[in-house]
Amino acid sequence: GVYVSKHADYTLYYCNQCAVQPKDTGRVIMMKAVTGRTRSFAVRDPDGPPGAIDPTPGYHSHEGTAHLEFYIFNPRQIVPIAIVRWRAIETPRAGIVHAGQS
């Protein structure tokens, strides 16, 4: 399967485990995705297995507890449409607050 997110800054934080800093650069693949029948998780099960959860029969994707990311089971549900090169600039606009940040 493939992990995708609605927000580039969340994706970059998820991948790097730290927020993007001014002058950082990178590339993001923009894509169209068909999530199909999605199983949403209200909270993470503390007694469940750590990490990824196996695909749920009868569903096409899982939606994360923060509703910011999806795990799409079949890569054929995704079509890449562009690669965007970016450079972070300093801004007073607030981004997404991640777990462990205030």
Side-chain angles (χ1 to χ4, degrees):
V2 179
Y3 284 93
V4 296
S5 176
K6 298 177 184 180
H7 305 282
D9 59 341
Y10 185 82
T11 300
L12 296 167
Y13 182 88
Y14 186 84
C15 291
N16 300 318
Q17 294 300 302
C18 64
V20 172
Q21 299 299 313
K23 299 185 182 175
D24 285 351
T25 61
R27 293 185 182 104
V28 174
I29 300 172
M30 302 294 291
M31 57 189 74
K32 290 189 179 199
V34 177
T35 56
R37 186 165 183 222
T38 302
R39 180 177 175 196
S40 296
F41 293 87
V43 294
R44 177 129 179 93
D45 179 1
D47 297 324
I53 298 170
D54 288 337
T56 303
Y59 290 86
H60 303 105
S61 62
H62 286 164
E63 182 179 22
T65 56
H67 309 291
L68 295 171
E69 75 277 354
F70 292 87
Y71 175 65
I72 298 177
F73 307 155
N74 187 337
R76 292 181 289 184
Q77 293 170 240
I78 299 171
V79 177
I81 57 173
I83 297 175
V84 177
R85 295 170 121 187
W86 57 268
R87 181 176 60 87
I89 58 172
E90 196 161 353
T91 178
R93 190 184 122 218
I96 295 171
V97 176
H98 303 281
Q101 289 183 320
S102 53

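Counting heavy-atom neighbours within 6.0 Å of E90 CD, excluding the residue itself, gives a total of 12 or less. For I81, the CD1 atom is densely surrounded, since the number of other residues' heavy atoms within 6.0 Å is greater than 12.
Using a distance-only test at 3.5 Å, with no hydrogens or angles considered, no donor-acceptor pair links the side chain of N16 to the main chain of C18. S5 contributes no side-chain N or O that, together with a main-chain N or O of E69, makes up a donor-acceptor pair within less than 3.5 Å.
Scanning both residues, A33 and I72, for their nearest heavy atoms gives CB-CD1, 3.7 Å.
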* To do: Would you sort out whether E63 and S40 count as a side-chain hydrogen bond (donor to acceptor under 3.5 Å, both in side chains), showing the intermediate values?
  => CA-CA 5 Å; E63 182 179 22; S40 296; 2.6 Å; yes
* To do: Verify side chain to side chain contact (heavy atoms under 4.5 Å, CB included) between L12 and W86, making sure each step is shown before the conclusion.
  => CA-CA 12 Å; L12 296 167; W86 57 268; 3.3 Å; yes
* Evaluation steps, side chain to side chain contact (heavy atoms under 4.5 Å, CB included), between L68 and H7 -> CA-CA 7 Å; L68 295 171; H7 305 282; 3.4 Å; yes
Distance-only check: which donor-acceptor pairs under 3.5 Å involve side-chain atoms of residues 19-32, not counting sequence neighbours?
residue	atom	partner	partner atom	Å
Q21	NE2	A19	O	3.3
D24	OD2	Q21	N	2.8

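Follow the hydrophobic side-chain contacts under 4.5 Å out from F73 and you reach Y3 in the same cluster. Note on Y59: it clusters hydrophobically with Y71, by side-chain heavy-atom contacts below 4.5 Å among ILVMFWY residues.
Considering only residues two or more places apart in sequence or on other chains, Q77 meets the side-chain hydrogen bond (donor to acceptor under 3.5 Å, both in side chains) condition with none of them. Every side-chain hydrogen bond (donor to acceptor under 3.5 Å, both in side chains) that H62 has, sequence neighbours left out, goes to T56.
The line from CZ of F41 to OG1 of T65 is 9.5 Å long, rounded to the nearest 0.5 Å.
In this structure, the side chains of F70 and I78 stay at 4.5 Å or more apart for every pair of heavy atoms.
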